[in-house]
Asker: 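My questions all concern the structure below.
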Number of protein chains: 2
Amino acid sequence: MLTDRQMLILRMVVDDYVRSMEPVGSRTIAKHPELTLSAATIRNEMADLEELGYLEQPHTSAGRIPSQLGYRFYVDHLIKMHSKLSPTDVDSIKSLFGERVNEVERVAQQTAVILSGLTQYTSVVLGPQVYETTLRSLQIVPLSDHTAVVLVVTSSGQVQNRTVTFPEGISLRESQRLVKLLNDRLQGTPMYRIRSRMMEELSREISRHMEDYEEALRLLDQIVTVIDSEATEKVFLGGATNMLLQPEFRDVQKATPVLTWLEHKDRVGDALREEGSSGDKLKIRIGGENDIAMLQGCSVITATYQVGDNPFGVIGVIGPTRMDYGRVIALLDAMSQGLSDMYARLYKT
Amino acid sequence: MLTDRQMLILRMVVDDYVRSMEPVGSRTIAKHPELTLSAATIRNEMADLEELGYLEQPHTSAGRIPSQLGYRFYVDHLIKMHSKLSPTDVDSIKSLFGERVNEVERVAQQTAVILSGLTQYTSVVLGPQVYETTLRSLQIVPLSDHTAVVLVVTSSGQVQNRTVTFPEGISLRESQRLVKLLNDRLQGTPMYRIRSRMMEELSREISRHMEDYEEALRLLDQIVTVIDSEATEKVFLGGATNMLLQPEFRDVQKATPVLTWLEHKDRVGDALREEGSSGDKLKIRIGGENDIAMLQGCSVITATYQVGDNPFGVIGVIGPTRMDYGRVIALLDAMSQGLSDMYARLYKT
DNA sequence: GTTAGCACTCATCTGTATCGAGTGCTAACA
DNA sequence: TGTTAGCACTCGATACAGATGAGTGCTAAC
């Protein structure tokens with residue numbers, strides 16, 4: 001285990017390196033008023049910390065930078081959690097959640113924008129999860145003889161739509177009948193059970209109501225696809241190009257993989273959802289701790305927001321390993337709380 | 001006016017520079033079999049072309065590169081339009097439009113993906129325009145006592161939805177009545193006239209039907225906002241990070257503004273829509289010809305796709321000024337044709 | 001255990017020399 | 001008059017050599 005003094009020094013190295021992105025030398029630490037030791041003593045301690053794996057040296061005559069293990073120890077034991085938010089931050093958050101919400105998705109989008117704006121990193125907001133949401137309404141609006149729009153509305157207010165074409169043997173009237181049938185039977189069913197429920201309960205119903213069984217099933221399949229795609233909640237990205245502001249990504253070679261990975265929202269959503277489903281309220285992945293190869297030069301911090309005891313959605317920040325962990329954690333905390341409150345106000349009254 | 005030989009040389013310089021991104025010297029051109037002249041003669045011609053403003057020299061002892069004017073002359077007079085597409089390209093496009101379409105938006109998204117994949121530039125696809133689209137259906141699905149989802153479906157199959165909260169004085173029943181009223185009156189109205197139509201025709205109707213006039217208007221305003229946001233068609237981006245593949249954007253300083261600009265789809269959509277509305281089927285903006293400051297280091301090529309004689313949507317490619325114009329134009333041509341055909345098949349039968 | 005002193009390391013900076021691609025110009029040639 | 005060979009010249013790119021200085025590890029004294 002580390003001595004108090006070693007921990008103090010480690011904390012200083014991390015704080016300083018996060019701020020300046022320059023390897024921290026013994027002199028710099030020695031100057032710090034919190035410590036009354038000479039540079040030589042610091043050097044000894046730093047050598048020890050390096051041997052223990054918490055620090056590393058880019059080259060012989062440079063200062064030290066935190067290793068992955070160093071960051072890990074920092075976030076686990078050394079981080080100063082309190083009073084990290086400036087009044088400006090608090091204001092931004094307050095104004096975001098303070099205004100009257102009548103456009104739920106806009107809030108999620110804005111959360112992403114503000115979170116990336118305040119952190120200068122990339123942010124991701126996953127819309128409300130589906131654990132508790134049920135099917136509210138299924139509708140079909142005809143467009144032409146062969147096309148129509150299928151609409152799916154869930155109890156959480158999410159909407160999915162898709163233009164579908166009718167298979168040859170099926171008329172508009174029949175498909176409307178089919179949709180009405182589905183509506184009656186499936187309303188209130190949890191979203192994640194729809195597919196199985198629909199298939200087992202309805203296939204024989206359909207054979208009774210519809211003349212052309214085969215074709216009806218094909219249409220049914222289209223509709224289920226729409227419902228399924230609703231089950232995957234929406235992904236909002238903020239400040240993807242903030243990545244380029246970070247000195248570690250000034251080299252395009254480094255930045256391209258991450259930017260490209262971020263380009264596909266579904267991938268990003270999948271990754272974050274997995275993080276969020278671990279059960280912890282806050283999850284921190286530092287560098288190589290990330291499973292995704294493209295993110296091994298990054299740190300990812302995720303927080304879940306919820307209503308009551310149900311995990312409900314995920315928000316996260318993606319930035320360089322050299323990240324201001326304390327600040328990001330505080331912001332995520334405040335924002336997830338804000339989202340939780342907002343959804344609570346919206347659905348439980 | 002340029003002589004034939006000057007034009008030939010200009011074309012060669014552009015072709016060569018587009019391929020290699022290296023200033024083209026007189027020797028390189030002289031080697032070309034299509035020309036039997038010595039390097040010295042080429043040098044004279046190149047000096048003339050530079051004087052005329054078609055070429056420029058990065059520095060005294062370097063080869064020439066095309067100026068903005070040079071590119072302009074190239075695309076106006078020198079470009080080889082035909083047989084630019086390889087069989088692979090044609091296959092990709094065929095397979096995109098060949099498959100049975102039952103998810104219209106997916107096709108637009110895929111168009112963007114394939115277009116950026118084939119060009120290695122960034123692509124933008126604007127969904128069908130609204131000139132001819134009318135309101136098909138307006139629906140409201142209640143979620144709780146105070147919230148509901150408003151759905152707008154247009155004749156072109158576009159759907160917009162928004163969760164709205166009811167103002168204090170208005171009940172669910174009343175809002176349903178309001179929506180039904182709107183539905184009856186506005187169905188078939190062109191989208192761009194909805195706002196004015198609604199306001200002038202309905203405000204007095206509402207005062208008769210609804211108890212609380214003020215509050216009803218507020219709800220109405222929310223609904224109109226939903227409809228308005230539908231009038232702005234959807235924007236699909238492909239390969240935004242392809243920008244980083246281009247050597248001219250290897251420097252993060254150069255890339256960041258463009259990437260950041262691309263991040264806001266509505267901005268991108270606005271810009272492209274303006275291009276598309278000029279009336280020309282194909283529009284090419286080279287470097288400084290772009291109005292948007294962030295794009296002055298880029299070239300933007302847009303093409304409209306249509307059904308019958310109605311302009312319907314826009315697709316475009318954004319890349320460095322040093323762009324393979326011939327290929328991009330051919331691809332845009334093929335893709336806009338494909339989209340036109342697809343929408344024709346979908347709506348006019 | 002702490003500290004001052006010192007030799008050592010090594011990335012970075014700066015100045016210089018070299019190289020070579022490409023030019024413009026001139027004079028000779030068809 | 002148009003074309004070409006020859007040549008001096010320009011200037012970015014590359015390579016190399018010191019010089020600089022931040023920072024280290026080690027030793028010996030406190």
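Each chain gets a letter, A, B and so on, in the order the sequences are listed, and its residues count up from 1.
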Asker: Taking only side-chain nitrogens and oxygens of B:Arg5, does any of them come within less than 4.0 Å of OP1 or OP2 of D:dG2?
Answerer: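 So the side-chain polar atoms of B:Arg5 never come under 4.0 Å of the phosphate oxygens OP1 or OP2 of D:dG2.
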
Asker: Who does D:dA29 pair with, Watson-Crick or G-U, both distances under 3.5 Å?
Answerer: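 When the pairing criteria are applied, C:dT2 turns out to be the nucleotide that pairs with D:dA29.
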
Asker: Any idea which of C:dA4, C:dG24, D:dT4 is nearest the B:Leu37 side chain?
Answerer: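 Output: D:dT4.
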
Asker: Do B:Glu22 and B:Thr28 have side-chain heavy atoms sitting under 4.5 Å apart?
Answerer: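 Answer no - side chains too far apart.
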
Asker: Where the side chain of B:Ser38 is defined as all heavy atoms beyond and including C-beta, which of C:dT3, C:dG20, D:dA5 is the nearest nucleotide?
Answerer: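 Nearest to the side chain of B:Ser38 among the choices is D:dA5.
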
Asker: Let me know the distance between CD of A:Gln57 and C1' of C:dT9, rounded to the nearest Å.
Answerer: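 Interatomic distance, CD of A:Gln57 to C1' of C:dT9: 10 Å.
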
Asker: Show the nearest heavy-atom pair for residues B:Gln6 and B:Leu52, with the distance to one decimal.
Answerer: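 B:Gln6 and B:Leu52 have their closest heavy atoms at NE2-CD1, 4.3 Å.
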
Asker: Between P on D:dA22 and CD1 on A:Ile42, what's the gap in Å once rounded to a whole number?
Answerer: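 The distance from CD1 of A:Ile42 to P of D:dA22 comes to 18 Å, rounded to the nearest Å.
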
Asker: After noting the C-alpha distance and the side-chain angles of A:Asp16 and A:His32, does the key distance pass the side-chain contact (heavy atoms from CB on, under 4.5 Å) rule?
Answerer: CA-CA 11 Å; A:Asp16 208 78; A:His32 206 287; over 6 Å; no

Asker: Contact class for A:Thr60 vs. all strands (heavy atom < 4.0 Å): base, sugar-phosphate, or nothing?
Answerer: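 Sugar-phosphate, backbone atoms only, no base.
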
Asker: Please figure out whether B:Glu45 or A:Pro23 has its closest DNA chain D nucleotide nearer the 5' end.
Answerer: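 Final value for this comparison: B:Glu45.
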
Asker: Which base, if any, makes a Watson-Crick or G-U wobble pair with C:dC19, both distances under 3.5 Å?
Answerer: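 C:dC19 is paired with D:dG12.
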
Asker: Could you tell me the separation between the CZ atom of B:Arg27 and the P atom of D:dT4, rounded to a whole number of Å?
Answerer: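 The answer, rounded to whole Å, is 15 Å.
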
Asker: With a 4.0 Å cutoff (strictly under), does any side-chain N or O of B:Thr41 reach OP1 or OP2 of D:dT3?
Answerer: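 Looking at the OP1 and OP2 atoms of D:dT3, neither is under 4.0 Å from any side-chain N or O of B:Thr41.
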
Asker: Quick one: sort the B:Tyr325 and B:Tyr71 rings into parallel, tilted or perpendicular, breaks at 30° and 60°.
Answerer: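 Ring orientation, 0 to 90° scale: tilted.
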
Asker: To the side chain of A:Arg43, which of D:dG6, D:dT10, D:dC26 is closest?
Answerer: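 Given the options D:dG6, D:dT10, D:dC26, the side chain of A:Arg43 is closest to D:dC26.
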
Asker: Rounded to the nearest Å, what distance is computed from the CG atom of residue A:Asn44 to the C1' atom of nucleotide D:dT27?
Answerer: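 In whole Å, D:dT27 C1' and A:Asn44 CG are 11 Å from each other.
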
Asker: What's the closest nucleotide to the side chain of B:Ala47 if the choices are C:dG24, D:dT24, D:dG12?
Answerer: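 Within the option list, the nearest is C:dG24.
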
Asker: Whole angstroms only, please: what is the CG-C1' distance between A:Leu49 and D:dT24?
Answerer: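 One finds 15 Å between C1' of D:dT24 and CG of A:Leu49, rounded.
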
Asker: Taking OP1 and OP2 of C:dT23, is either one under 4.0 Å from a side-chain nitrogen or oxygen of B:Ser26?
Answerer: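 Indeed, a polar side-chain atom of B:Ser26 lies that close.
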
Asker: Nearest to the side chain of A:His59 - C:dT9, C:dA11, C:dA4?
Answerer: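 Ranking C:dT9, C:dA11, C:dA4 by closest atom to the A:His59 side chain puts C:dA11 first.
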
Asker: For A:Asp48 and C:dT2, what is the distance between atoms CG and P respectively, to the nearest whole Å?
Answerer: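 Rounded to the whole Å, the gap is 11 Å.
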
Asker: Please give, in whole Å, the distance from D:dA22 P to A:Asp16 CG?
Answerer: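 It works out to 16 Å between those atoms.
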
Asker: Heavy-atom distance under 4.5 Å between the side chains of A:Arg19 and A:Asp15, does that happen here?
Answerer: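 A side-chain contact is absent here, since even the closest heavy-atom pair is not under 4.5 Å.
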
Asker: Given atom CE of B:Met46 and atom C1' of C:dC25, what is their separation to the nearest angstrom?
Answerer: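 To the nearest whole Å, that distance equals 17 Å.
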
